[in-house]
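This one's a predicted model, so the numbers in the text were calculated from it and none came from an experiment. Just so it is clear: chains get the letters A, B, ... in the order the sequence lines come, proteins before strands, and each one is counted from 1. Below, all heavy atoms of this structure are taken into account, side chains as well, without hydrogens, waters or symmetry copies.
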2 protein chains.
Amino acid sequence: MAQKVKLSTIAEALGLSTATVSLALRDSPLVADVTRERIKEAARELGYIYNRRAASLRTSRSGIVGVCVHDVMNPFYGEILRSIESELDRNRQTFILCNHHDDLSKQRAFVDTLLQLGADGLILSPALGTPAADIGLAEENGLPAILIARTIEGAGVHGFRGDDAYGMGLAVDHLVSLGHRSIAMIGGTRATSTGREREAGYLAGLARGGIAFRTEWRMEGPRDRHSGFDSAAAFLALAERPTAIVCFSDLVALGLMYGLARGGVRPGIDIAVVGYDDIEEAGIATPPLTTVSNGQSEVGERAATALLERLAGMPAMEHTTLIRPELKVRQSCGSGGEE
Amino acid sequence: MAQKVKLSTIAEALGLSTATVSLALRDSPLVADVTRERIKEAARELGYIYNRRAASLRTSRSGIVGVCVHDVMNPFYGEILRSIESELDRNRQTFILCNHHDDLSKQRAFVDTLLQLGADGLILSPALGTPAADIGLAEENGLPAILIARTIEGAGVHGFRGDDAYGMGLAVDHLVSLGHRSIAMIGGTRATSTGREREAGYLAGLARGGIAFRTEWRMEGPRDRHSGFDSAAAFLALAERPTAIVCFSDLVALGLMYGLARGGVRPGIDIAVVGYDDIEEAGIATPPLTTVSNGQSEVGERAATALLERLAGMPAMEHTTLIRPELKVRQSCGSGGEE
DNA sequence: CTGAAAGCGCTTACAG
DNA sequence: CTGAAAGCGCTTACAG
């Protein structure tokens, strides 16, 4: 590797000062056009690489935003990330990703790293059991935070998520309107706001339908495809098998459908299944999955925008924006629906 | 936000020099035990946050490794990332992730960012059409690179990937041994080393089986679940329909199976389907997917290890390590197999 | 329109 | 075992 090219290398080569070179490279109007072009050309020729650490040490702006979610391999988060990414890209922010896998210590280590790097902001889907104080710590140290998908009481920051109770109610209402009187709910945990809200929506839906809830209908736990698959066996073993199932997520529903089919029970024909999230795969599954659209791209886009506003100097505001979910009727409830 | 706490804040509070504080916080044996404890305690009490930009500017080591792949939502890459992540975590390297979506300019912008941040290394699954010179540029500027999943001729660095030609041959041999004489291959493109190798393996397998290749058997293109699904229609429209299909990837196979089922053709019963990669979902799909295990976690782990060795001072070596694939027989070829 | 100088917060020889 | 001083590569008032 040749001698490192820095601002002063360019300055010396051109007989100028580093101040002028610095200004020129950032398109300052203070520098004469001719000079600027000479400088830019020299920079290109010399293979100059801007040193962001040095700049950031001086300006205390790093151009880095941290994004931390449960797991990027989960399409639900993947779809949110996609819109965050395009929003941040447009604003020339680099983003650092982290999966916390609901491990609080991993999440903390990540926030710490962001602090050390002088990151400009954080978009977080908090791990199970994240105390409000963790968000406070970040904010106090100059790291503005925005919450997505899950929210935390008293965190004092803006959060964006779907209206889970309402959405799950939509799913149950749909099944009730189809004539179902025994409806199970598989997956999710009360340890997250999402899990609690969706369960509440399920219970409220049953109540609206005049259906008395039975504890064996509620199978807590599964939150991914594999555990959804595994839950099929337990479900099929039920003495009085419900005629319909609402799932915590599409991933759980998709795994469950694999499992039900394996057990000889045909989703959409022998039993009704509803998912939640409306991930891309839901539309091509066989049978196509009836589900509740959860506004992933809207969550991502609005969260990114909100963070950019914070970076621009807007104050934090404690508020949760609920994105309105929508029922997507396809064939997994045997009800015809969209092609 | 209170006044920023830095090394000198601690030094002043304790009546020591910043040099001593710096050494103590990094557990240097040069500092007396008592002093070190006093310093660490003060740091904790004052809420000191280590400024990595400043440190990195001085040491020119950043503790950052960049990882860039086609798309982290693709479980194939997701599984590789998982093992990279755990390997790097153990070595306290922060990693920055980027999806290039086979867009060369995105990949270049990312490498540029790494250079500006003074990143320590790069693990890359190169975008379509990446010239060897791009890798050279990174290396010349002190950013050691390791390639995964796809390799580039003449890049001069170490790469890790599955032996695709051999693996695809395994799939075809299996189908031939089951008695199939007409075998299609769906998905993949000749623009990547992976696509070329897998196609070569398919062709070689046919030749070994004494089967004359027919151009309509080769349906290029699909590389994700959705396009796999879409390809089912084209396949079902074939005048003389092959009795078996090898797919470019599990994702393509899984999407295809959804599509075939939608068309009333039952995978594992009416037609044999083989995937590639052995992602986790393959085992729970219905029917369980026969596929070729592609050693994702081995690729990730070895690539990370190789990079860490480079960081420790080992020279670059131009070499491609081929991980040996393995056939996983399940039920999608109607052949019984594992439970 | 351009330059000289200070400073961002660390670490690292070098003294003592 | 601890301290004084230089320097990493930028940017930003301040002069001129």
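Among the protein residues, A:Ala19 comes within range of the nucleic acid bases, having at least one heavy atom under 4.0 Å from a base atom. Within 4.0 Å (heavy atoms only), A:Thr35 reaches sugar-phosphate atoms of the nucleic acid but no base atom. Note on A:Gly15: only backbone sugar-phosphate atoms sit closer than 4.0 angstrom, heavy atoms only; bases stay farther off. Using a 4.0 Å heavy-atom cutoff across all strands shown, B:Ser8 reaches no nucleic acid atom at all.
Place A:Leu16 and A:Arg58 on DNA chain C by their nearest nucleotides, and A:Leu16 ends up nearer the 5' end. Comparing B:Ala32 and A:Ala54, the nucleotide of DNA chain D nearest to each residue sits closer to the 5' end for B:Ala32.
Between A:Tyr77 and A:His70, the ring planes are parallel. Angles under 30° get that label, and only those over 60° would be called perpendicular. A perpendicular orientation is assigned to the rings of A:Tyr50 and A:Tyr48, their planes being inclined by more than 60° (bins at 30° and 60°).
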For this session: Given side-chain hydrogen bond (donor to acceptor under 3.5 Å, both in side chains), test A:Ser86 with A:Arg82 step by step and report yes or no.
Result: CA-CA 6 Å; A:Ser86 71; A:Arg82 199 132 65 187; over 6 Å; no
For this session: Evaluate the criterion side-chain hydrogen bond (donor to acceptor under 3.5 Å, both in side chains) for residue pair B:Thr192 and B:Arg150; output intermediate values, then yes/no.
Result: CA-CA 7 Å; B:Thr192 64; B:Arg150 300 173 180 171; 4.8 Å; no
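On the nucleic acid side, DNA chain D has its first and last nucleotide under 4.0 Å of a heavy atom of chain B at D:dC1 to D:dG9, going 5' to 3'.
Here the shortest heavy-atom pairing between B:Ala306 and B:Ile146 reads CB-CD1, 3.9 Å.
In this structure, C:dG3 and D:dC14 make a Watson-Crick or G-U wobble pair, each of the two defining distances being under 3.5 angstrom.
With rounding to the nearest 0.5 angstrom, the CG atom of B:Asn91 is 9.0 Å from the CG atom of B:Leu311.
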